[in-house]
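Order of the sequence lines fixes the chain letters, A, B, ..., with proteins taken first and strands second; residue numbering starts at 1 for each chain.
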Protein chains: 2
Amino acid sequence: MEESVATRSHYEELARQLSAIGAVKREMGRMLPQDCPPASAGVLTLLERHGEMRMSQLAELLAIDMSVTSRHVAHVCERGWVERKPDPADKRSRLLRLTPSGTELLAELSERYTQTLARYLDDWTDTDVGHLVELLARLRTSFGDCRSRAPHEPCTTPARTAG
Amino acid sequence: MEESVATRSHYEELARQLSAIGAVKREMGRMLPQDCPPASAGVLTLLERHGEMRMSQLAELLAIDMSVTSRHVAHVCERGWVERKPDPADKRSRLLRLTPSGTELLAELSERYTQTLARYLDDWTDTDVGHLVELLARLRTSFGDCRSRAPHEPCTTPARTAG
DNA sequence: TATTGTTATACTCTATAACTATA
DNA sequence: TATAGTTATAGAGTATAACAATA
């Protein structure tokens, strides 16, 4: 597919915006409870939305390696927010489920998220926010779908150094 | 300000999407040259867009602490992509400027960004991409990030022309 | 043999605090 | 005293590889 000059420019700008959006993420993370890092909040949110699931499924939803998922889950389990139960169908597997304490924390998180965003986005219309959410979701889908159809090898080309 | 139920729901969904967008950022980072981590690419891009500047200004544009900025700058300077010159107006300060080697690397980065996004977003219209870019920039602005200004501001160094 | 999950190790990115050099 | 920048240290997040237990 051939892209126009305008599209190409938009691509470069999108790359820049994605690189810079970390500042917003960090700001959002600053209002989380002291022992609940962003990664824990993500785990809890997904367990609330999708219900009981296995480690591998959670890793897939988080789009991170299962080794990383394992550590995040250990953290929320140590604090009693999530429960790990043996899977009767497969003894290698463990089923994850929110505890009442975890559900309670999620209510707190929801409150903080909402208050923070209401403060920062007070001049946004509901439609604007909805549209951004939609486009972000679609962006993630586009990247996820491409993973299977276009094998992409990590780049090993060394960068040029000054001559 | 009071928000509707729909708005509140959108807020929670936005928080979720922001938390999950890291997967896209990481995928974008994977196609960078071995020697050029995402942070370095960010430094180079801002120096191209805004021209010569001091450490403190770059830190402001990156929306990260100057201590972190200092390390990122050291990395790109060691590789000859950026030059640190003494500021004649203030001997505590250092002026940062892209080298020809850095400019050359930026052309390579632009090419890779464009190719990667063209592959992943091949079913997006130019309008869709533009809209997402716009909303992301606005989001950063709402959070108090000065980087979101479009690169049409007065710059010492003109932006590279695309295509 | 392959798969599920855990642990060890390493790398990137960031913030805080202590430090220097200059204003 | 205050500010610009550097460095040391700590913490969060992730990926790869080696490993144990089970399918």
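- Remark: H75(A) pairs with no residue by the ring-ring contact (aromatic ring centres under 6.0 Å, His included) rule, at least two apart or across chains.
- Distance E27(A) CD to dA15(C) C1': 13 Å, rounded to the nearest Å.
- In this structure, the CZ atom of R30(B) is 11 Å from the P atom of dT14(D), given to the nearest Å.
- Contacts of S93(A) classified as side chain to side chain donor-acceptor pair (under 3.5 Å), with partners at least two apart in sequence or in another chain: R54(A).
- Among residue pairs with one or both ends in residues 41-50 of chain A, those qualifying as salt bridge (charged side-chain N to carboxylate O under 4.0 Å, His left out) are R49(A)-E13(B); sequence neighbours excluded.
- Closest to the side chain of R26(A), out of dA15(C), dT4(C), dG13(D), is dA15(C).
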Polar atom pairs between nucleotides 16-19 of chain C and protein, under 3.5 Å, N or O only, would you list them?
{"residue": "dT16(C)", "atom": "O4", "partner": "S67(B)", "partner atom": "OG", "Å": "2.7"}

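- Atom pair L58(A):CG and dG5(C):C1' shows a separation of 12 Å (rounding to whole Å applied).
- Nearest heavy-atom pair across T114(B) and S110(B) is OG1-O, 2.8 Å.
- Using a 4.0 Å cut-off, some side-chain N or O of S56(A) falls inside it from OP1 or OP2 of dG5(C).
- Residues that satisfy the side chain to side chain contact (heavy atoms under 4.5 Å, CB included) test with M31(A), not counting sequence neighbours, are M28(A), R112(A), Y113(A), T116(A).
- Checked against side chain to side chain contact (heavy atoms under 4.5 Å, CB included), L135(A) has the following partners two or more places apart in sequence or in another chain: H131(A), W124(B), H131(B), L132(B), L135(B).
- Rounded to whole Å, the distance from CD1 on I64(A) to C1' on dT12(C) is 15 Å.
- Computed from coordinates, the R54(B) CZ to dA23(C) P distance equals 11 Å when rounded to whole Å.
- When rounded to the nearest whole Å, the span between CD1 of I21(B) and P of dG13(D) equals 17 Å.
- Take A137(A) and apply the side chain to side chain contact (heavy atoms under 4.5 Å, CB included) test, not counting sequence neighbours, and it matches Q17(B).
- Screening residues 19-53 of chain A for ring-ring contact (aromatic ring centres under 6.0 Å, His included) gives no qualifying pairs among residues at least two apart or on separate chains.
- Considering only residues two or more places apart in sequence or on other chains, S19(B) meets the side chain to side chain donor-acceptor pair (under 3.5 Å) condition with R16(B).
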For this session: Assess whether side chain to side chain contact (heavy atoms under 4.5 Å, CB included) is satisfied between I64(B) and R26(A), documenting all intermediate values.
Result: CA-CA 10 Å; I64(B) 58 178; R26(A) 288 195 298 279; 3.3 Å; yes

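- Closest to the side chain of P37(B), from the set dA4(D), dT12(C), dT6(C), is dT12(C).
- In this entry the distance linking CD of Q57(A) with P of dT3(C) reads 18 Å, nearest Å.
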Seminar exercise, completed: Quick tally for nucleotides 18-23 of chain D: nucleotides whose base has a protein heavy atom under 4.0 Å get B, sugar-phosphate-only ones S, the rest -, giving ---BBS

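- With sequence neighbours left out, the side chain to side chain contact (heavy atoms under 4.5 Å, CB included) criterion links A39(B) to H72(B).
- Within residues 70-85 of chain A, the residues approached by DNA chain C to less than 4.0 Å at the level of any non-hydrogen atom are S70(A), R84(A), in residue-number order.
- Across the protein-nucleic acid pair, D87(A) atom CG and dT3(C) atom C1' stand 13 Å apart, rounded to whole Å.
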